[in-house]
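The residues of the chain are indexed from 1 along the displayed sequence.
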Amino acid sequence: PEGGDGSDGWEREQQTPINPLWYGADPDAANNSAALIQALTRGSQVKFEDLFPVTESILLEGFDGLSITGDDYLTCGIINKAASSKPTLILRDIQYFFIERIAIAGATGFPNDAILIDTVGGQTTAFGDIKDMFLQPNGIGIELQKCNTIRLKGIKYWPSGGPLVGDAPIAGTRKHAIFVDEGVTNNYANEITLDGCNLIGIEPAISGSALIKAGEVGTGTLSNWKIDDCELEGFHTALDMKNVINLNVKSTYLENADVKLEGCRHAVINGYNPENVTFTGCLNSKLADLVMGTVTSSFTIDATSTRCGADNVNFQNAPTDSGTDSEFINWAIAGATQDDIIGATGIRERSRSTPMGEWITPAFDAGVYTAATGLWTVASGDQKTYSYTLVGKTMTVNFSVRTSTITATPVSLRITIPGSFTSNQELRFPIIYSEDNGTSTGIGTGRLQATSNLIIINKDLAGTAFATTTDLTLVEGSVTFEIQ
């Protein structure tokens with residue numbers, strides 16, 4: 001959010017920033033945990049001018065209004081040298097916090113996360129603004145647990161062992177840059193924004209790794225996530241999101257990286273060159289305005305997804321679509337001409353459930369068949385074909401009836417147009433009929449009338465009546481016409 005003074009963050013009381021050195025912090029000391037906690041809880045503004053090693057987590061809990069800044073994220077911040085399972089910085093039950101231009105790094109031998117933002121028992125941790133930070137932990141960059149309204153801007157998550165500590169990273173420790181653990185019961189993380197973040201360096205060999213991974217089970221919620229103008233780089237999974245409502249990824253670099261969405265609703269993925277994208281159990285979600293990555297890239301919509309698809313996407317390979325009511329608009333496949341429209345499982349239009357051009361065979365209904373006088377009796381076994389297909393407002397109907405029965409010598413037979421459609425035009429067309437079950441046949445005429453829902457069958461233009469028969473009348477034909 002914008003502050004009252006028009007700057008980033010929230011409006012805060014102006015005072016001289018506290019320097020951790022005033023409380024005994026020493027860049028050359030082995031542990032500065034106690035001194036940093038004392039400095040960070042004494043005033044609303046604290047400014048780092050050095051790098052301070054710690055051997056315990058810095059826990060900040062249960063108060064409002066905190067500002068931590070640094071001169072330069074390459075020279076100011078915290079180096080974690082704690083035993084495992086000790087995040088460097090814990091923000092708990094805090095509201096209105098601002099952290100800017102500091103680094104959090106991890107030395108070799110100390111596999112810890114950089115920042116944990118959570119709510120344990122007090123007020124919901126919310127309204128946080130973290131920007132221009134350099135995260136080099138041997139662990140997760142930022143874990144979100146039970147929090148709301150957090151903005152991450154200009155965050156850099158790079159492999160540990162860079163310019164801050166000079167050590168090699170610990171293999172297998174860096175699974176996620178941003179993480180919401182679905183294993184936390186009723187977890188939630190809502191109104192989360194990532195803007196201009198550069199997240200790289202996941203080892204692809206780690207099972208389940210992803211630069212941004214968020215999942216929710218139980219009664220928690222993950223909603224209103226925005227990822228804008230970020231770089232999620234490398235041969236790994238960039239996004240692994242589960243049960244997120246309203247996910248908007250925009251102008252984000254996904255080069256050679258996979259995107260996995262499961263159970264997400266109202267998600268839009270817009271970025272550059274993703275490798276493999278999968279939608280599993282998603283609703284109203286799509287790819288938009290992007291080009292897929294390498295010649296091996298893929299897009300898969302599974303059978304449990306509904307109303308998903310793509311809009312203005314250039315694919316390297318045809319999508320695999322098993323979803324319901326999928327929608328593909330303005331898309332192309334490499335090697336196809338620009339004007340080609342290609343549907344992996346058909347193209348739907350006009351809110352119809354069946355893809356256009358595919359055939360529909362209604363359930364048998366004897367009431368479809370009538371006569372001008374008397375009865376035209378058609379049993380289910382007599383109906384060999386009664387099907388139709390639609391493309392736009394063009395309908396084609398095929399019909400074939402054999403061994404049917406006629407009474408009272410009618411001058412015409414009638415077949416109801418399927419699908420509750422009506423003709424929009426007058427039309428005559430040829431049909432085949434027989435009154436001895438095909439031993440001898442004649443060419444008759446079929447007729448459509450504007451605004452009518454009937455196909456009318458005559459033996460000839462003169463209106464000669466059909467003979468009374470028992471299980472001997474055959475009528476076959478096909479007609480294409482405009483519907484209303």
(message) How about CZ on Phe429, more than 12 heavy atoms from neighbouring residues, nucleotides or ligands closer than 6.0 Å, or not?
(response) yes

(message) My understanding is that only residues two or more places apart in sequence, or in another chain, count here; which of them pass side chain to side chain donor-acceptor pair (under 3.5 Å) with Thr296?
(response) Glu275, Thr294

(request) Specify whether Phe279 and Phe299 have parallel, tilted or perpendicular ring planes, treating 30° as the upper limit for parallel and 60° as the lower limit for perpendicular. (result) perpendicular

(message) What I'd like to find out is whether the side chain of Ile142 reaches to under 4.5 Å of the side chain of Ile117, using heavy atoms alone.
(response) yes

(request) Kindly indicate whether the side chain of Lys146, heavy atoms from C-beta on, has any atom under 4.5 Å from the side chain of Val184. (result) yes

(request) Could you walk me through whether Lys260 and Asp240 pass the salt bridge (Lys or Arg N to Asp or Glu O under 4.0 Å) test, one step at a time? (result) CA-CA 5 Å; Lys260 301 176 182 178; Asp240 187 347; 5.1 Å; no

(message) For the residue pair Asn398 / Ser478, report whether a side-chain donor-acceptor contact shorter than 3.5 Å exists.
(response) yes

(request) Answer whether the closest heavy-atom distance between the side chains of Val368 and Tyr386 falls below 4.5 Å. (result) yes

(message) In the structure I gave you, are the side-chain heavy atoms of Asp365 and Pro362 within less than 4.5 Å of one another anywhere?
(response) no

(message) Tell me whether the count of non-hydrogen atoms from other residues, nucleotides or ligands lying under 6.0 Å of CZ in Arg265 goes above 12.
(response) no

(request) For Thr193 and Arg151, indicate whether the former's side chain and the latter's backbone hold a donor-acceptor pair under 3.5 Å. (result) no

(request) Report yes or no: does Ser322 contribute a side-chain atom to a donor-acceptor pair with the main-chain N or O of Ala303 at less than 3.5 Å? (result) no

(request) Under the salt bridge (Lys or Arg N to Asp or Glu O under 4.0 Å) rule, collect the residues that match up with Lys242, sequence neighbours excluded. (result) Glu182

(message) Applying salt bridge (charged side-chain N to carboxylate O under 4.0 Å, His left out) as the test, list every pair that has at least one member in residues 380-399; sequence neighbours left out.
(response) none

(message) Less than 3.5 Å apart, any donor N or O on the side chain of Arg402 or Ser404 sitting next to an acceptor on the other?
(response) no

(message) Going by side chain to side chain donor-acceptor pair (under 3.5 Å), name the residues that satisfy it together with Glu349, two or more places apart in sequence or in a different chain.
(response) Arg352

(request) State the CG-OG1 distance between Leu283 and Thr304, to the nearest 0.5 angstrom. (result) 11.0 Å

(request) Write out all pairs satisfying salt bridge (charged side-chain N to carboxylate O under 4.0 Å, His left out) with one or both partners inside residues 94-105, taking only residues at least two apart or from two chains. (result) Glu100-Lys131

(message) My understanding is that only residues two or more places apart in sequence, or in another chain, count here; which of them pass side chain to side chain contact (heavy atoms under 4.5 Å, CB included) with Asn148?
(response) Thr124, Ala126, Tyr188, Asn190

(message) Between Leu239 and Val249, does the side-chain contact (heavy atoms from CB on, under 4.5 Å) criterion hold? Intermediate values first, please.
(response) CA-CA 10 Å; Leu239 294 171; Val249 179; 3.8 Å; yes

(message) Determine whether Tyr433 and Glu476 satisfy the following criterion, side chain to side chain donor-acceptor pair (under 3.5 Å), listing intermediate values before the conclusion.
(response) CA-CA 7 Å; Tyr433 73 91; Glu476 294 183 346; over 6 Å; no

(request) Output all residues satisfying side chain to side chain donor-acceptor pair (under 3.5 Å) with Asp289, sequence neighbours left out; order by chain, then residue number. (result) Asn312

(request) Please report the shortest heavy-atom distance between Ala238 and Leu232, naming the atom on each side. (result) CB-CB, 3.8 Å

(message) Between Asn273 and Glu255, is there a side-chain donor-acceptor contact under 3.5 Å, judged purely by atom types and distance?
(response) yes

(request) Indicate yes or no: at least one non-hydrogen side-chain atom of Phe466 is less than 4.5 angstrom from one of Ile406. (result) yes

(message) Rounded to the nearest 0.5 Å, what separates atom OG1 in Thr252 from atom CG in Asp195?
(response) 9.0 Å

(request) Rounded to the nearest 0.5 Å, what's the gap from CE on Met395 to OG1 on Thr480? Could you check? (result) 10.0 Å

(request) Could you tell me the separation between the CG atom of Leu60 and the CD1 atom of Ile90, rounded to the nearest 0.5 Å? (result) 9.0 Å

(message) With a sphere of 6.0 Å drawn around CD1 of Ile432, does it hold more than 12 non-hydrogen atoms of other residues, nucleotides or ligands?
(response) no

(message) Measuring only between side-chain heavy atoms, which start at C-beta, is Ile155 closer than 4.5 Å to Leu135?
(response) yes

(message) For Phe179, give me all partners under ring-ring contact (aromatic ring centres under 6.0 Å, His included), at least two apart in sequence or on another chain.
(response) His176

(request) Kindly write out the residues that satisfy salt bridge (Lys or Arg N to Asp or Glu O under 4.0 Å) with Glu191, not counting sequence neighbours, or none if the list is empty. (result) none

(request) Examine distances only and state if a side-chain atom of Asn424 and a backbone atom of Ile483 form a donor-acceptor pair shorter than 3.5 Å. (result) no

(message) Between Tyr96 and Phe127 (judged by ring centroids, cut-off 6.0 Å), do the two rings come close enough to count as a pair?
(response) yes

(message) Would Thr69 and Ile99 count as a side-chain contact (heavy atoms from CB on, under 4.5 Å) here? Give the steps.
(response) CA-CA 6 Å; Thr69 63; Ile99 305 174; over 6 Å; no

(message) If we count only N and O atoms by modelled type, under 3.5 Å, do the side chains of Thr445 and Asn458 hold a donor and an acceptor together?
(response) no

(message) I'd like to know if the side chain of Ser285 reaches the main chain of Ala267, judged simply by a donor and an acceptor atom lying under 3.5 Å from each other, with no hydrogens or angles considered.
(response) yes

(request) Look only at the side chain of Asn138 and the backbone of Asn112, and say whether a donor-acceptor pair between them is shorter than 3.5 Å. (result) no

(message) Using modelled atom types and a 3.5 Å cut-off, is there a donor and acceptor pairing between side-chain atoms of Asn270 and backbone atoms of Ala288?
(response) yes

(message) Check whether Trp225 reaches the backbone of Ile245 with its side chain - one donor and one acceptor, N or O, closer than 3.5 Å.
(response) no

(request) Could you tell me which residues satisfy salt bridge (Lys or Arg N to Asp or Glu O under 4.0 Å) with Glu426, sequence neighbours excluded, listed by chain and number? (result) none

(request) Just jot down the salt bridge (Lys or Arg N to Asp or Glu O under 4.0 Å) partners of Arg92, sequence neighbours excluded, or say none. (result) Asp118

(message) Is it the case that the side chain of Thr88 and the backbone of Ile115 share a donor-acceptor pair, with hydrogens and angles ignored and the cut-off at 3.5 Å?
(response) no

(request) If a pair satisfies salt bridge (charged side-chain N to carboxylate O under 4.0 Å, His left out) and one of its residues is in residues 303-317, list it, with sequence neighbours excluded. (result) Lys286-Asp311

(request) Go through Leu247 and Ile269 one step at a time and tell me if the side-chain contact (heavy atoms from CB on, under 4.5 Å) criterion holds. (result) CA-CA 8 Å; Leu247 168 64; Ile269 307 298; 4.2 Å; yes

(request) Kindly say whether Gln145 contributes a backbone atom to a donor-acceptor pair with the side chain of Asn187 at under 3.5 angstrom? (result) no

(message) Quick one, Thr405 with Asp471, criterion side chain to side chain donor-acceptor pair (under 3.5 Å). Give me CA distance, side-chain angles, the key distance, then yes/no.
(response) CA-CA 5 Å; Thr405 297; Asp471 296 334; 3.1 Å; yes

(message) Please evaluate residues Leu261 and Thr278 with respect to the criterion side-chain contact (heavy atoms from CB on, under 4.5 Å), reporting the C-alpha separation (whole Å), side-chain torsions for both, the decisive distance (0.1 Å), and the verdict.
(response) CA-CA 6 Å; Leu261 302 188; Thr278 57; over 6 Å; no

(message) How long is the straight-line distance from CE of Met133 back to SG of Cys197, given to the nearest 0.5 Å?
(response) 11.5 Å

(request) Output yes when a side-chain donor or acceptor of Ser387 lies under 3.5 Å from a complementary backbone atom of Trp359, and no otherwise. (result) no

(request) Output the distance between atom CG (Asn276) and atom CG (Leu254), rounded to the nearest 0.5 Å. (result) 12.0 Å

